Amino acid sequence: DTDQRRNTPTAMQQVMDDLRWLGIEWDEGPETGGPHGPYLQSQRKDIYDRYIKQLLNEKKAYYCFDTSQELDTMREQAEGQKGNLTYLRPERFADENDARKAREQGRPVTVRFAIPQNEPIVVQDVIRGRIVFAAADIGDFIIQKSDGFPTYNFACVVDDHLMNVTHVIRGQEHLNNTPGQQALWRALFADTPLPAYAHMSVTVSDTGGKLSKRERPKALRVVIEERIGLSDSVNATVTPEALTLSAKLHPPQVVTEQELAKQANLTVEEVRSFQKGESVPDMPVIDAMARYLGVALPEINIVDFSRSGYLPETMVNFLALLGWNPGDNREIMAVDELVKAFDLSRLTKSNSLFDRQKLLAFNTEHIRMVSPETLLRHFKRYLSAVESPMASADDELLSTVIRLCEGARTLAQIEQKSKFLFIDNDRIEYDEKDVKKVLLKSDGLAILGIVRDRLAAMNELTAQAIEDMLRGLAQERQVGLGKVAQPLRVALCGTTISLPIFDSVRMLGKANTLRRIDDTLKRFATQNQT
RNA sequence: GGCCCCAUCGUCUAGGCAGGUCCAGGACACCGGGUUUUCAACCCGGCAACAGGGGUUCGAAUCCCCUUGGGGCUACCA
């Protein structure tokens with residue numbers, strides 16, 4: 001948290017929540033504590049200051065007073081000519097006095113590291129082997145910002161040393177930072193050996209480029225554009241994902257700009273500014289808008305996957321296999337199995353694409369694989385996270401529901417299939433297409449009427465009795481079971497997707513079942529004639 | 001533009017360092033069939049790749065070079 005502007009307390013909390021959800025605990029760090037604290041970089045300023053002073057004294061670093069405008073100009077010029085900006089080191093290093101004067105004049109004061117220019121810097125990467133960088137390409141980078149905080153590239157070197165870090169394992173996007181960090185390490189801690197560096201491949205999105213948080217607001221813009229159309233600047237860059245999303249939109253309820261702003265706790269102006277691409281609100285605000293619009297944004301953050309009904313076991317397994325494999329044909333693995341098999345030497349060099357379909361397949365397997373107790377625990381957590389009406393149900397009922405959903409791909413599917421049990425009889429939402437297909441076509445309503453009477457005549461609604469009745473009716477009428485079961489299903493659930501029908505009726509109970517059938521018959525009888 | 005990384009089925013990958021056992025194996029997706037009260041799940045079968053060009057070698061997916069392509073970085077962000 002060395003960036004005072006960008007740092008938010010919720011972001012750090014989210015990282016820790018995510019790790020804990022995944023089942024990854026840290027031995028040492030924020031909240032857990034340990035012998036090398038404090039663990040927040042913002043609380044270690046005096047430590048960094050000491051080392052910066054040391055470099056300054058040894059003439060291994062120097063003060064700079066350039067404004068960002070001046071730096072921009074230099075950069076432009078460098079680009080115009082041939083290559084990159086490498087900061088031109090002054091002949092004479094400014095001293096403490098100069099720094100004081102500059103501060104008095106209101107100029108920004110930063111500190112740059114004078115990177116040794118005599119020889120190339122060799123990074124020995126665990127995954128990629130030997131990589132050579134010319135010192136001239138790196139240049140004197142800033143180690144202390146004008147607000148007095150260290151830059152990431154400086155702070156992490158000091159921390160790695162002070163915290164006895166043995167392995168630095170991170171994404172490939174940090175590979176270019178490594179020579180600078182190594183040079184810093186040598187200047188500061190010459191006598192101690194470097195940690196081992198391993199730069200992993202980057203996981204890219206199927207929409208191209210790094211898997212980035214920006215995809216969510218981008219997708220949301222497209223949806224807002226579609227539903228409200230209050231933008232004049234949404235153009236070309238419509239992601240394929242956003243398009244599939246908009247196709248999944250529920251039949252139009254009325255959506256207004258005012259209500260959208262209200263739901264997100266923004267002003268209409270702020271919504272417009274977001275829509276024009278001028279600003280991007282925080283993730284919870286984005287989520288609130290998406291919820292109001294009834295769409296699922298592409299999952300990017302760990303918490304997004306948890307809210308979409310993926311299991312932590314799935315995520316750990318799937319993520320582990322992106323850029324690593326155990327060397328045999330195993331793919332679906334439990335966490336302890338992964339831990340046992342893991343080996344730094346088997347990390348992959350090339351980038352990988354994040355394939356949500358395969359993730360789904362993994363989730364299906366893990367839902368099948370985890371113990372019923374674990375699954376129940378995950379399911380309850382999921383229900384409360386998405387504020388489902390099922391969240392208050394007791395364990396026994398939830399366990400039954402889970403059992404009946406064998407083969408489900410996500411927790412969301414289990415919820416979707418069994419939600420009808422927890423909705424008031426008069427709050428059933430009928431899916432228009434399903435109603436047309438099952439009730440209004442051929443003799444769906446007529447059959448539903450017969451089913452109603454036979455159910456009413458039964459004294460005991462066991463799954464078996466219901467099955468016998470429905471099968472008997474199908475046989476009498478010389479039709480498949482679907483012809484008699486589907487109208488019943490839509491009457492009870494409003495859709496054709498639900499728990500197995502015999503159990504659905506049993507669990508809903510006779511009174512509710514009859515009531516829903518009657519409501520359905522009444523509601524669609526007139527439509528059928530017109 | 002500059003610097004760096006990478007390159008096997010549509011996708012994730014095994015094999016590459018120790019060249020022959022690879023007319024390239026597995027998984028997801030896809031296609032065909034089966035099962036089925038919905039959605040799934042499940043079962044059987046199928047399609048599908050060594051980016052291109054030069055070398056080295058008796059022999060190259062495997063070693064070397066070039067080209068092409070993809071990615072990353074290029075901040076007083078991390």
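All values derive from a computational prediction rather than experimental measurement. All chains are named by letter (A, B, ...) in the order of the sequence lines, taking the proteins before the strands, and each is independently numbered beginning at 1. Quick note: numbers below take in every heavy atom, side chains included, and nothing from hydrogens, waters or symmetry partners.
- Within the structure, every side-chain polar atom (N or O) of A/Asn351 is placed at least 4.0 Å from both OP1 and OP2 of B/G70.
- Nucleotide B/G69 has B/C6 as its partner under the Watson-Crick or G-U criteria, with both atom distances under 3.5 Å.
- The base-pairing partner of B/U35, taking Watson-Crick or G-U wobble contacts with both distances under 3.5 Å, does not exist among the strands shown.
- Regarding A/Phe133, its CZ atom lies at a distance of 16 Å from the P atom of B/G72, rounded to whole Å.
- Rounded to an integer number of Å, the gap from CH2 of A/Trp324 to P of B/G26 is 20 Å.
- Put simply, CD on A/Glu406 is 16 Å from P on B/A40, counting in whole angstrom units.
- Heavy-atom distances to RNA chain B give each of A/Phe362 and A/Glu467 a nearest nucleotide, and the one nearer the 5′ end belongs to A/Phe362.
- Counting non-hydrogen atoms under 4.0 angstrom, A/Asp434 reaches nothing in the nucleic acid.
- Between A/Lys437 and B/U38 there is no side-chain N or O to OP1 or OP2 distance below 4.0 Å.
- Rounded to whole Å, atom P of B/U74 lies 12 Å from atom OH of A/Tyr152.
- Contact between A/Pro38 and A/Met163 at its shortest, heavy atoms only, is O-CE, 3.9 Å.
- No side-chain heavy atom of A/Ile131 sits under 4.5 Å from any side-chain heavy atom of A/Val122.
- B/A24 and B/A51 have their P atoms separated by 15 Å, with the value rounded to a whole Å.
- Taking atom CG of A/Leu175 as the reference point, atom P of B/A78 lies 19 Å away to the nearest angstrom.
- Distance from the side chain of A/Ala361 is smallest for B/C28 among the nucleotides B/A14, B/C28, B/C3.
- A/Gln172 comes within contact range of at least one nucleobase, with a heavy-atom separation under 4.0 Å.
- Under a 3.5 Å cut-off, the side chain of A/Asn363 and the backbone N or O of A/Leu311 do form a donor-acceptor pair.
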Does the pair A/Trp324 and A/Leu338 meet the rule for a side chain to side chain contact (heavy atoms under 4.5 Å, CB included), with working shown?
CA-CA 11 Å; A/Trp324 174 85; A/Leu338 282 164; 3.8 Å; yes
CA sep, side-chain torsions, deciding dist, call: A/Asp434, A/Tyr430, side chain to side chain contact (heavy atoms under 4.5 Å, CB included)
CA-CA 8 Å; A/Asp434 289 343; A/Tyr430 294 92; over 6 Å; no
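- B/C64 and B/C43: their P atoms are spaced 43 Å apart (whole Å).
- Side-chain N/O atoms of A/Ser350 and base N/O atoms of B/C6 include no donor-acceptor pair closer than 3.5 Å.
- B/C12 atom P lies 13 Å from atom CG of A/Asn325, rounded to whole Å.
- The phosphate of B/C39 (OP1 or OP2) has no side-chain N or O of A/Lys433 nearer than 4.0 angstrom.
- The side chain of A/Arg489 contributes no N or O atom lying less than 4.0 Å from OP1 or OP2 of B/U37.
- Residue A/Ile497 places its side chain closer to B/U38 than to any other of B/U37, B/C76, B/U38.
- Within the structure, a side-chain polar atom (N or O) of A/Arg368 is placed less than 4.0 Å from OP1 or OP2 of B/C42.
- Across the C1' atoms, B/C30 and B/C66 are found 37 Å apart, a figure rounded to whole Å.
- With C1' as the reference atom, B/C63 and B/G16 are 10 Å apart, rounded to whole Å.
- The partner of B/G20, taking Watson-Crick or G-U wobble pairs whose two distances both stay under 3.5 Å, is B/C58.
- Heavy atoms from other residues, nucleotides or ligands lying under 6.0 Å from CD of A/Glu70 number more than 12.
- For the C1' atoms, the distance linking B/G59 with B/G19 amounts to 8 Å, nearest Å.
- Residue contacts shown for A/Ser352 are limited to sugar-phosphate atoms, with no base heavy atom under 4.0 Å away.
- Between the P atoms of B/G70 and B/A14, the separation comes to 23 Å (whole Å).
- A close approach under 4.0 Å does occur between a side-chain nitrogen or oxygen of A/Arg75 and OP1 or OP2 of B/C76.
- For A/Asp328 and B/A14, a side-chain-to-base donor-acceptor distance below 3.5 Å is absent, hydrogens and geometry of angles not being considered.
- Nucleic acid contact for A/Gly323: sugar-phosphate only, since backbone atoms but no base atoms lie under 4.0 Å from a heavy atom of the residue.
- For A/Thr364, taking side-chain heavy atoms from C-beta onward, the closest of the listed nucleotides B/A41, B/G10, B/C76 is B/A41.
- For A/Lys349 and B/A7, a side-chain-to-base donor-acceptor distance below 3.5 Å is absent, hydrogens and geometry of angles not being considered.
- Between the CD1 atom of A/Ile127 and the C1' atom of B/C4 there is a distance of 15 Å, given to the nearest Å.
- Nucleic acid contact for A/Lys417: base, since at least one base atom lies under 4.0 Å from a heavy atom of the residue.
- Atom C1' of B/U13 sits at a distance of 23 Å from the matching atom of B/G52, rounded to the whole Å.
- A salt bridge does not link A/Arg346 with A/Asp343: every distance from a Lys NZ or Arg NE/NH1/NH2 to an Asp or Glu carboxylate oxygen is 4.0 Å or more.
- Among the protein residues, A/Glu365 comes within range of the sugar-phosphate backbone only, with heavy atoms under 4.0 Å from sugar or phosphate atoms but none that close to a base.
- Listed nucleotides: B/A27, B/C5, B/C3. Nearest to the side chain of A/Arg128: B/C5.
- Under the ring-ring contact (aromatic ring centres under 6.0 Å, His included) rule, A/Phe141 has a single partner from A/Tyr152, A/Phe113, A/Tyr87, which is A/Phe113.
- Considering only side-chain atoms of A/Lys145, the nucleotide from B/U37, B/C76, B/G72 that sits closest is B/C76.
- The side chain of A/Arg346 contributes an N or O atom lying less than 4.0 Å from OP1 or OP2 of B/G15.
- The phosphate of B/G26 has neither OP1 nor OP2 within less than 4.0 Å of any side-chain N or O from A/Arg330.
- Residue contacts shown for A/Ile131 are limited to sugar-phosphate atoms, with no base heavy atom under 4.0 Å away.
- Ring-centre distance between A/Tyr382 and A/Tyr310: not below the 6.0 Å cut-off.
- Taking a pair to require two hydrogen-bonding distances under 3.5 Å in either a Watson-Crick or a G-U wobble arrangement, B/G1 pairs with B/U74.
- With rounding to whole Å, A/Glu76 atom CD is found 16 Å from B/G2 atom C1'.
- Across all strands shown, A/His199 has no heavy atoms under 4.0 Å from either base or sugar-phosphate atoms.
- Nearest to the side chain of A/Asn176, among B/U38, B/C77, B/C4, sits B/C4.
- Within the 4.0 angstrom heavy-atom criterion, only backbone atoms of the sugar-phosphate kind lie near A/Gln357; the bases stay farther away.
- Here, B/A49 and B/C9 have their P atoms 9 Å apart, quoted to the whole Å.
- A donor N or O paired with an acceptor N or O is found under 3.5 Å between the base of B/G26 and the side-chain atoms of A/Glu331.
- A salt bridge is defined here as a Lys NZ or Arg NE, NH1 or NH2 lying under 4.0 Å from an Asp or Glu carboxylate O, and A/Asp49 with A/Lys45 meets this definition.
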